[in-house]
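From a predicted model like this one, the values you see are computed outputs, not experimental measurements.
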Amino acid sequence: MIDLYGSGSPNVARIFIALEELGLPYQAHAVDVFAGQQFEAWFGDLNPNRKVPVIVDHDGACGDCTIFESAAILLYLAEKTGALLPSHPSARYEVIQWMMVQVTTVGPMMGQLVHFTRYAPDGISSYSRDRYHVQVARVFDVIDRKLTGSEFLAGDMFTIADVALFPWTVRLSTYLGDEQEERLVNLARWRHNVSLRPAVGRALRAQDILRQQSTKPEDADPGTLDRLFGRDGARRT
């Protein structure tokens, strides 16, 4: 059995998807991020960096294996099961490098764009929002070109690279705009096909149950938001 500690975020969605795709038994536990639950001592024991997701694999090779950081969790689950990641070195690193594009660029750029679009104080310069919008558009153009004539990110096989990317594309038009997203025809085709996978549907429904157990951002205490976002010198640890 695997315990998954998470929230409604895209980085958590990918772990739900991986667990469902791999058919691993798991139990999901809500971490109420907008109530500051990640700052509690018990969660710090699981992840000193105080971010979701975290898994505890009670059937791991190391006993009760605690793994944090979503990319590390995806690699762990793929290696545990021998699925979603090719064994041949060249194919394996084709998958890993495209997963790292998500980890190093898509996630951080989208995260900052969402932050400056939704949570930045009124009156702040548009420079930050504009910068991250350009970076998000650029990296999705790269991915769209990669998907030309390719069913999945790393070829004909659905892998952890696709698992890592998919949750960040679900509401892409909200942040890029309809016109810009409509140009990404290969990405749209890929996203549609991934969304039809039964395991992906089960994963998103399971995460939605978790989301309903958590505080909505608009209902969060302002002090908790300051701590969460590191605003006004608020400590995060």
Side-chain angles (χ1 to χ4, degrees), residues 2 4 6 9-24 26 47 49 51-57 59-62 65-113 132 134-170 172 184-200 203-204:
I2 291 175
L4 166 61
S9 77
N11 286 345
V12 175
R14 63 178 62 155
I15 308 306
F16 274 102
I17 292 171
L19 290 168
E20 290 288 350
E21 285 281 349
L22 296 168
L24 292 169
Y26 70 94
N47 182 1
N49 201 31
K51 292 184 177 181
V52 291
V54 179
I55 67 165
V56 180
D57 183 2
D59 249 347
C62 54
C65 297
T66 300
I67 313 290
F68 56 82
E69 289 296 334
S70 59
I73 296 171
L74 289 178
L75 283 168
Y76 173 84
L77 294 175
E79 290 175 346
K80 174 185 173 75
T81 59
L84 298 180
L85 184 63
S87 57
H88 191 278
S90 62
R92 180 183 180 87
Y93 280 96
E94 177 74 2
V95 171
I96 290 173
Q97 69 185 3
W98 281 103
M99 183 174 73
M100 292 306 167
V101 169
Q102 194 291 315
V103 172
T104 63
T105 308
V106 174
M109 296 301 104
M110 281 290 291
Q112 294 299 330
L113 178 60
Y132 292 116
V134 168
Q135 291 302 314
V136 168
R138 183 199 66 80
V139 73
F140 278 111
D141 279 340
V142 171
I143 292 169
D144 189 69
R145 289 195 297 272
K146 176 62 176 68
L147 286 166
T148 303
S150 177
E151 185 174 1
F152 299 111
L153 265 177
D156 296 330
M157 176 183 174
F158 182 77
T159 69
I160 55 175
D162 303 286
V163 173
L165 179 64
F166 175 76
W168 287 98
T169 68
V170 172
L172 191 57
L184 305 171
V185 293
N186 300 305
L187 179 73
R189 181 255 310 156
W190 166 87
R191 180 179 58 193
H192 175 71
N193 290 340
V194 172
S195 72
L196 295 178
R197 297 176 70 89
V200 172
L204 296 182

Residue pair Thr159, Glu94: steps toward the side chain to side chain contact (heavy atoms under 4.5 Å, CB included) verdict: CA-CA 10 Å; Thr159 69; Glu94 177 74 2; over 6 Å; no
When rounded to the nearest 0.5 angstrom, what distance separates [atom1] in [X] from [atom2] in [Y]?
| X | Y | atom1 | atom2 | result |
| --- | --- | --- | --- | --- |
| Tyr93 | Met99 | OH | CE | 10.5 Å |
| Leu77 | Arg14 | CG | CZ | 12.5 Å |
| Glu21 | Thr81 | CD | OG1 | 10.5 Å |
| Ile96 | Leu74 | CD1 | CG | 11.0 Å |
| Thr105 | Arg138 | OG1 | CZ | 6.0 Å |
| Lys51 | Ser9 | NZ | OG | 10.5 Å |

Sub-4.5 Å side-chain heavy-atom contact between [X] and [Y]:
| X | Y | result |
| --- | --- | --- |
| Glu69 | Val103 | no |
| Val139 | Val101 | yes |
| Val95 | Met157 | no |
| Asn47 | Val52 | no |
| Leu196 | His192 | yes |
| Leu24 | Lys80 | yes |
| Leu204 | Phe166 | yes |

Quick check against the 3.5 Å criterion: does [X] have a side-chain atom that pairs as donor or acceptor with the backbone of [Y]?
| X | Y | answer |
| --- | --- | --- |
| Arg189 | Leu147 | yes |
| Asp162 | Leu153 | yes |
| Arg191 | Thr169 | yes |
| Asn193 | Trp190 | no |

Could you give me the CA-CA distance, side-chain angles and deciding distance for Glu20 and Val200, then say whether side chain to side chain contact (heavy atoms under 4.5 Å, CB included) is met? CA-CA 7 Å; Glu20 290 288 350; Val200 172; over 6 Å; no
Check [X] against [Y] and note the closest heavy-atom contact, atom names and distance.
| X | Y | value |
| --- | --- | --- |
| Tyr26 | Phe16 | OH-CD2, 3.6 Å |
| Leu165 | Leu187 | CD2-CD1, 4.5 Å |
| Gly60 | Cys65 | CA-SG, 3.8 Å |
| Leu4 | Pro53 | CD1-CB, 4.1 Å |
| Ile17 | Pro167 | CD1-CG, 4.1 Å |
| Ala91 | Pro86 | CB-CB, 3.6 Å |

Start with the C-alpha distance between Ile55 and Tyr76, add both sets of side-chain angles, then the distance that settles side chain to side chain contact (heavy atoms under 4.5 Å, CB included), and finish with yes or no. CA-CA 10 Å; Ile55 67 165; Tyr76 173 84; 4.0 Å; yes
Given side chain to side chain contact (heavy atoms under 4.5 Å, CB included), test Leu84 with Leu22 step by step and report yes or no. CA-CA 8 Å; Leu84 298 180; Leu22 296 168; 3.8 Å; yes
